[in-house]
Amino acid sequence: MKLGFSAAEEEFRAECADWLTAQMAGEFADIKGITTLTEKAERRKEWEQHLGEHGWGCIGWPKVWGGRDASLAQQVIFAEEYARAGIPGRVNHIGIELAGPTLLTLGTEEQKRRFLPDIAAGKTIFCQGFSEPNAGSDLASVRTKARLENGEWAVDGQKIWTSLAHISDWIFVVARSEEGSKGPKGLTFLMMELDQPGIDIRPIRQINGDAEFNETFFDGARCPEDSLIGAVGDGWRVAMTLLSFERGVSTLGQQMAFRNELDAIIEAAKANGTSTDPLIRQRIAKAEIGLRLMRYGALRMLSNTDHASVDGAALTYKIQWASWRRSLGELAMDVLGQAGEVTDHDGYEWPMLPNLFLYSRADTIYGGTNQIQRNLIAERGLGLPREPRGEA
Amino acid sequence: MDFVFTDEQRMIAETAQAFFTANATSERTRAAMAAEGIDHALWLAFCQELGLSGIGVPEAAGGAGLGLVELAIIAEAAGAQVAALPLLGSLALVAQAIAAGGSDEQRTAWLPALLAGETIAAHVTATDLAADGNRIFASSASVAHGSAAQLLLVSGAAGSWLVRADAPGVSVAAQTTMDQTRPYARVTITGAEGEPLADGGAGAQAATNAALIVLAAEGLGLAQAALDRTVAYSRDRVQFGRTIGSFQAYKHRLADMMVEIEQARSAVYWAACAVDEGAEDAQLAVHAAKSFAADTAFRCASDMIQLHGGIGFTWDHDAHLFFKRARALQTMMGNGDWHREQIAAMVLGETE
């Protein structure tokens, strides 16, 4: 058990920090410090390509697919330095963290050649088509249909909460390919190009005024017969494999963004005098502890290569960070007082901390609500009986 | 960076768990509770047969080397059984203080007997400590395992002294204590002869870090055991024709325990590593680990009672051993609010 980094790793840290800060001071200064997922999306796609050109797109991937074969420690370092440099989140995070690793694990050689280099180069942006209006927590009840027609898949139905679909190039879709099938059976995992007449993307405005999510409608949308990952009817297993990548190294970068948020709260508390309130001080300390424990939980999870046993740190990670961040948003508002409830922007747009307060209500919902997480922890982590299922 | 146990650490964990599970049984612990709160035969077996008592004490000082990570592993295993042992006083506090702050003579004089379990030591933290040369005046009402100790380390603002418990001027009175596995004694020292620890500051620092990490690790082990035992109960107990572990309200409460425990685990081993590696944030880590793990222990032990229903409130069930130890862990060496206040001062930039 060792926490410190080696001299070579610290050297790598310096290399990352130098390059990243130089980019934010130069050509990409205009995107520095953006905290929403949607602002300046086009420029951020250019940033993705810039990262790819310089070999920083997906450093943990094999070299042959555009990565660097970076060690875990190097990936941790890069994620931390990336966020420390004030660089906004990756608009292609679905491609880098979910689609890519799924292709690496389950894709054919041809699919790997077709997609991986372009994802690493920032040229193919992916979004995720899982949830539907009637398939939220109960993902297996998807109704979107896929049928083979003249050597092509034809897809009809509706996906929802498709984050960043409006700026993406491709979407992966879990669709029901076997007529009359129910639950996790009879599903197929398809990759589809978004720019086609059969697909219509409509933004959904959220409580913070932003529109990061969309509804995506499929009306006879097409993709070639070989666009599937895995076999026909094997879509559930592919989707579950994909979701298992959700807790990767990027969580450490996310934590650096959280660090910036907590630091902003600490500065605000010092500036307006609430930092002398003993209750606020306790909450700041709890937030600090929670953030540190998140880091070490993630490092435990990433260091653990024994996949045979249940990894408690991994299983509890989502509810831990989501609940922490929701509390952080509430702390931010208690520190800011009424100043936090008004905005200087012309429209209904919010600075970092009030936006955190509003946005963090989604954190405990997307990617599995806190309630679903507790079911998973109890059933997979503690071996308790599964929730009874109703008739589908 | 590799935040998992090494093979050697995993082996220590397995050895310690097997030893405490087999030997620190409810029956033996309860026998110790009726006496002075120490299972002496178990302590001697731990020190002499298992050979793990020297862990965390440098080899140069007669110990087995290794560090606080390994000491935490042992404390976690002992905590899981709420073992009635002087691990905190003898090893974490006094042996650590002598190893780090004692002269060569003091190390030679005291460490072998402490590590062999032949001498039991307790730490007296006295706010009223006064010294007239080496004649000591001090008192404390809450000296853990004070009645069983042959050696006292008396610490206060003026420094640290080693005092024999049988020296003239030392009076020790056992107190009926809520946690009977680590009862407190009232110790009053009036002019007893003491021996100053060569480097009191270094000794106090090492002892404080080790003890806070041991308390946190005990809390972690205790919390995990409270969860494990409650899960086992929930699989057996049937109401309304279902095992109670199939009710969602029950499952969610157990899940919440696991979420806290996993964080406590990160906290304990982060702090132990940070101190061992001399990391910049080691003090923050120790405050975080103590407050978080002790609070987790209390939450899990109180949930253990609630989730067992009436049987959990009985003297015969072990839940109250967990509950009372957890409460003591919260109070000892600064409660959660105090440790969090230290962290607040650090992150608000009010400290140097």
Side-chain angles (χ1 to χ4, degrees), chain A residues 1-6 9 72-73 76-77 262-263 266 269-270 275 278 280-290 292-306 312-317 319-320 323 370-371 373-379 381-388, chain B residues 1-6 9 69-70 227-228 231 234-235 242-243 245-248 250-267 269-274 276-279 281 284-285 287-289 291-292 336-337 339-350:
Chain A
M1 191 169 259
K2 184 173 178 300
L3 289 179
F5 291 95
S6 70
E9 286 160 354
L72 171 63
V76 167
I77 288 166
L262 176 53
D263 284 345
I266 289 169
K270 280 155 76 171
S275 66
I280 293 290
R281 295 171 71 84
Q282 285 289 313
R283 288 167 69 189
I284 286 174
K286 281 185 183 175
E288 180 73 31
I289 292 169
R292 301 291 187 121
L293 299 189
M294 216 183 283
R295 176 166 198 265
Y296 293 103
L299 292 182
R300 272 173 60 208
M301 170 171 106
L302 294 166
S303 300
N304 181 19
T305 48
D306 170 21
L315 197 54
T316 55
Y317 188 73
I319 192 170
Q320 180 192 341
S323 306
N370 277 15
Q371 288 65 39
Q373 296 299 329
R374 289 188 180 96
N375 281 354
L376 293 175
I377 292 165
E379 293 167 15
L382 301 173
L384 292 165
R386 289 186 59 179
E387 285 303 303
Chain B
M1 194 284 301
D2 194 22
F3 199 33
V4 286
F5 286 158
T6 61
Q9 287 164 342
V69 171
E70 289 80 9
L227 173 59
D228 293 345
V231 167
S234 80
R235 290 208 184 100
R242 296 162 58 175
T243 56
S246 70
F247 290 106
Q248 199 175 42
Y250 202 105
K251 282 165 68 176
H252 281 194
R253 197 141 167 182
L254 292 171
D256 284 339
M257 289 163 78
M258 182 166 171
V259 173
E260 295 301 305
I261 289 166
E262 289 303 329
Q263 292 178 81
R265 191 177 307 286
S266 301
Y269 290 102
W270 163 39
C273 271
D276 280 345
E277 293 176 23
D281 58 359
L284 193 154
H287 289 303
S291 57
F292 197 94
D337 288 347
H339 285 284
R340 284 187 290 271
E341 173 54 34
Q342 309 313 304
I343 290 176
M346 289 177 185
V347 303
L348 286 162
E350 298 163 354

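Naming: A, B, ... by sequence-line order, numbering from 1 per chain. For the numbers below, each heavy atom of this structure counts, side chains included, while hydrogens, waters and symmetry mates do not. As the structure is a prediction and not an experimental result, all values here were calculated from the model.
For A/Arg281 and B/Glu341, the salt-bridge test passes: some basic side-chain N is under 4.0 Å from an acidic carboxylate O.
Of the two parts of B/Phe292, only the side chain, counted from C-beta on, holds a non-hydrogen atom closer than 4.5 Å to a non-hydrogen atom of chain A. When heavy atoms are compared at a cutoff of 4.5 Å, B/Asp281 approaches chain A solely by way of its side chain, counted from C-beta outward. Looking at A/Leu3, the atoms closer than 4.5 Å to chain B (heavy atoms on both sides) sit in the backbone and in the side chain alike. Interface remark: B/Glu350 contributes side-chain atoms only to the contact with chain A (heavy atom separation under 4.5 Å). Heavy-atom distances place both the backbone and the side chain of B/Ala345 under 4.5 Å from chain A. Looking at A/Glu288, only its side chain comes within 4.5 Å of chain B, counting heavy atoms on both sides. Proximity to chain B (any heavy atom under 4.5 Å) is restricted, for A/Arg386, to the backbone atoms N, CA, C and O. Only the side chain of B/Asp256 comes within contact range of chain A, with heavy atoms under 4.5 Å apart. Proximity to chain B involves both the backbone and the side chain of A/Gln371, based on heavy atoms less than 4.5 angstrom apart. Heavy-atom distances place the side chain of B/Leu284, and not its backbone, under 4.5 Å from chain A.
Here the OG1 atom belonging to B/Thr243 is positioned 8.0 Å from the CG atom belonging to A/Leu384, to the nearest 0.5 angstrom. Here CD of B/Gln263 is found 7.5 Å from CE of A/Met294. Values are rounded to the nearest 0.5 Å. Expressed to the nearest 0.5 Å, how far CG of B/Leu348 lies from CD1 of A/Ile284 amounts to 5.0 Å.
Shown here are the side chain to side chain donor-acceptor pair (under 3.5 Å) partners of A/Asn375, two or more places apart in sequence or in another chain: B/Gln248, B/His252. Legend: residues meeting ring pair (Phe, Tyr, Trp, His ring centres under 6.0 Å) with B/Phe3, ordered by chain and number and at least two apart, are A/Tyr296.
Among all heavy-atom pairs drawn from A/Met1 and B/Glu277, the shortest one is O-OE2, 4.3 Å. Closest of all the heavy-atom pairs between B/Ala255 and A/Ala378 is CB-N, 4.3 Å. Here the closest non-hydrogen pair linking A/Ala285 and B/Ala344 is CB-N, 4.0 Å.
For A/Lys286 (side chain) and B/Arg340 (main-chain N/O), no donor-acceptor pair under 3.5 Å exists by modelled atom type. Of the possible donor and acceptor atoms, none in the side chain of A/Gln320 sits under 3.5 Å from a partner among the backbone N and O of B/Val259. For A/Arg300 (side chain) and B/Glu262 (main-chain N/O), a donor-acceptor pair under 3.5 Å exists by modelled atom type.
Chosen from A/Leu293, A/Ile377, A/Leu262, the residue pairing most often with chain B at heavy-atom distances under 4.5 Å is A/Leu293. Interface summary for chain A: among B/Ala279, B/Ser246, B/Ser234, the most heavy-atom pairs under 4.5 angstrom belong to B/Ser246.
More than 12 heavy atoms of other residues, nucleotides or ligands lie within 6.0 Å of CZ in B/Arg242, so this atom counts as buried by the packing criterion.
Contact of the B/Met1 side chain with the A/Leu72 side chain is registered, since non-hydrogen atoms from C-beta on lie closer than 4.5 Å. Counting heavy atoms from C-beta on, the side chains of B/Met257 and A/Leu382 never come closer than 4.5 Å.
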